[in-house]
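Residues take their numbers from the sequence shown, with the count starting at 1.
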Amino acid sequence: MLLDGHLRLHAIKEEGKATAPCIIADDDEAFTYNKRVNRLATVQEHYMIQRALDRGVSAGMIAAALGIDVKAVQRRSKMLDGIAPEAVDILKDRPVNPQVFDTLRRMKPERQFATAELMASMNNFTATYAKAILAATRQEDLARPERPKKVKGVTPEQMARMERELESLNKDFRAVEATFGDDVLHLVLASRYIERLIANDAIAAYLKGKHPEILAEFRNIVAAGTLDAAA
């Protein structure tokens, strides 16, 4: 049973090859083999298309193989033109909407990097989110600061307010990021102490009878006091 690589199988058959390297799954997982299927990220797809074009494969042949329009192949082959390498490095393994790169291109390299970081931290790689960040970007951070910033559906007043709000949000995010590791460690240590405390039947009975609200909060802290829950 072929799990992935149907186009590659078709290609090697056309070349008349009888064998090819492959990975064999010799265990019966009973549920799913999806973890063995590689989903090509947008940036990886760009590199694949670019390499194929460089080796003489026509855009029409690539379009037919991928099931997309020839113009889409041409656009994706130039998708990273004008994009900062630092931003590409952040987005290289992410399921990014190709239109995001059109939006990033309207920003200066430093702002592209900051936008990619923000999208990754929010795990949101949609074109709509990228345009929202563009709307909240200061004029001097645009690739063409002399041109008035225009975002469809957003008024200049709304963009100005979004700029202020995003600037405040970024400061808050950086402040939280700087102390997050220490805060999580303190939470885990405190929760372990409280867990042992309320495991004592006498203490738990006293709190239940005299201070039930404190006992409830202690249990909430214990429930949240793992690294996974805290994150």
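When every heavy atom of R105 is checked against every heavy atom of I83, the shortest pair comes out as N-CD1, 3.9 Å. A pairwise comparison of heavy atoms in M122 and Y129 identifies CG-OH, 3.3 Å as the closest pair. Residues I49 and S77 come closest through the heavy atom pair CG2-CB, 4.0 Å. Across every non-hydrogen atom of S191 and V188, the tightest pair is OG-O, 2.8 Å.
With a 4.5 Å cut-off on side-chain heavy atoms, I90 and E117 count as touching. Using a 4.5 Å heavy-atom cutoff, the side chains of D141 and M107 are not in contact. Looking at Q44 and D93, their side chains come closer than 4.5 Å, going by heavy atoms from C-beta outward. Residues M79 and P98 are in side-chain contact: their nearest non-hydrogen atoms beyond the backbone lie under 4.5 Å apart. Residues V100 and T115 have side chains not in contact (no heavy-atom distance under 4.5 Å, counting atoms from C-beta outward). In this structure, I62 and L53 have side chains that are in contact, with non-hydrogen atoms separated by less than 4.5 Å. Annotation: side chain of Q99 is not in contact with side chain of T126 (no heavy-atom distance under 4.5 Å). Side-chain atoms of R76 and Q74, non-hydrogen and from C-beta on, never get closer than 4.5 Å to each other.
Taking the side chain to side chain donor-acceptor pair (under 3.5 Å) definition, one finds that D69 meets it with nothing, sequence neighbours left out.
Distance check: F218 CZ to I198 CD1 gives 8.0 Å after rounding to the nearest 0.5 Å. In this structure, E15 CD and K13 NZ are separated by 13.5 Å, a value rounded to the nearest 0.5 Å. Between atom OH of residue Y47 and atom OG1 of residue T42 there is a gap of 12.0 Å, rounded to the nearest 0.5 Å.
Distance alone, capped at 3.5 Å, is enough to place a donor-acceptor pair between the H186 side chain and the D182 backbone. Under the 3.5 Å distance criterion, the side-chain polar atoms of Q139 are matched with a main-chain donor or acceptor of P145.
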Problem - E217/R219 under salt bridge (Lys or Arg N to Asp or Glu O under 4.0 Å): CA gap, chis, key distance, verdict - result: CA-CA 5 Å; E217 288 301 322; R219 286 173 174 165; over 6 Å; no
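Within a 6.0 Å sphere centred on CD of E45, other residues, nucleotides and ligands contribute more than 12 heavy atoms.
H46 and Q50 form no side-chain donor-acceptor contact under 3.5 Å, judged by distance and modelled atom types alone.
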